[in-house]
Amino acid sequence: PEREGDNVSSPVVLYPEHRNVAHVELGFDVDIDVGLLAAAQHDPNRTVSIFSSKSGELLKSLSVKDTQALSFFDKADVKALKFVQDRGSEHMKSLWVAKGTRVIRFAW
């Protein structure tokens, strides 16, 4: 006879640096071409973290805090993230971030 918990799967990749207290409305995107995962963090600075989708390693944290914006902007969660192929470039991609009423582009 099967016992409860016998059919539980194990994670393939762990992301120990990811901070989210079960908010499903935070932004998240995966770029399978380059093996990156972008995830909004539920932290006081409302950062966006870039992880390796293969190892789970934190590669970069991006600040989306705007020192010249209204306080509402800094308290808003990052609701959407999207990796986008840059126009006119085969190799460059940007990460577009929707936060409050603004859209921010990160390119590298």
Side-chain angles (χ1 to χ4, degrees):
E2 288 187 22
R3 295 177 300 168
E4 187 175 326
D6 283 350
N7 293 324
V8 176
S9 62
S10 297
V12 176
V13 179
L14 297 174
Y15 298 87
E17 305 271 344
H18 179 55
R19 300 290 174 257
N20 185 347
V21 291
H23 289 267
V24 296
E25 70 275 1
L26 293 180
F28 179 90
D29 194 27
V30 177
D31 185 331
I32 58 172
D33 295 333
V34 294
L36 295 178
L37 181 145
Q41 303 298 295
H42 192 259
D43 61 11
N45 294 323
R46 304 298 199 258
T47 56
V48 172
S49 294
I50 309 293
F51 297 93
S52 164
S53 63
K54 293 175 177 66
S55 70
E57 176 186 4
L58 175 64
L59 303 175
K60 187 164 187 75
S61 285
L62 305 169
S63 173
V64 291
K65 191 170 184 161
D66 187 344
T67 57
Q68 297 177 349
L70 300 172
S71 62
F72 164 76
F73 178 79
D74 285 332
K75 292 177 184 172
D77 285 328
V78 173
K79 298 288 186 180
L81 299 169
K82 181 70 178 161
F83 286 105
V84 178
Q85 185 72 49
D86 288 345
R87 179 180 262 172
S89 174
E90 288 182 36
H91 306 290
M92 296 294 293
K93 289 193 178 185
S94 298
L95 178 64
W96 292 77
V97 177
K99 184 177 192 297
T101 59
R102 297 186 184 199
V103 176
I104 305 161
R105 176 181 174 253
F106 290 97
W108 56 89

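As the structure is a computational prediction, the values presented were derived from the model and not from experiment. In this chain, residues are counted from 1 in sequence order.
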Test of understanding: clusters of I, L, V, M, F, W, Y form through side-chain heavy atoms closer than 4.5 Å, transitively. Do [X] and [Y] belong to the same one?
| X | Y | result |
| --- | --- | --- |
| Trp96 | Phe83 | no |
| Val97 | Val84 | no |
| Leu59 | Phe106 | yes |

Exercise. Begin from the C-alpha positions of Leu95 and Leu36 and carry the test side-chain contact (heavy atoms from CB on, under 4.5 Å) through to its verdict.
Key: CA-CA 11 Å; Leu95 178 64; Leu36 295 178; over 6 Å; no
Quiz item: Considering residues, nucleotides and ligands other than Arg87, do more than 12 of their heavy atoms fall under 6.0 Å from its CZ?
Solution: no
Counting C-beta onward and ignoring hydrogens, is there a side-chain heavy-atom pair between [X] and [Y] closer than 4.5 Å?
| X | Y | result |
| --- | --- | --- |
| Lys79 | Lys99 | no |
| Ser52 | Tyr15 | no |
| Phe28 | Leu37 | yes |

Looking only at non-hydrogen atoms, find the nearest pair between [X] and [Y] and report the distance.
| X | Y | value |
| --- | --- | --- |
| Leu58 | Ser49 | CD1-CB, 3.6 Å |
| Arg105 | Asp86 | NH2-OD2, 3.4 Å |
| Ala39 | Gln41 | O-NE2, 3.0 Å |

Quiz prompt | Heavy-atom donor-acceptor pair, Gln85 side chain to Met92 backbone, under 3.5 Å | solution = yes
Roughly how far, to the nearest 0.5 Å, is the [atom2] atom of [Y] from the [atom1] atom of [X]?
| X | Y | atom1 | atom2 | value |
| --- | --- | --- | --- | --- |
| Asp43 | His18 | CG | NE2 | 10.5 Å |
| Leu81 | Ile50 | CG | CD1 | 7.5 Å |
| Lys93 | Asp33 | NZ | CG | 4.0 Å |

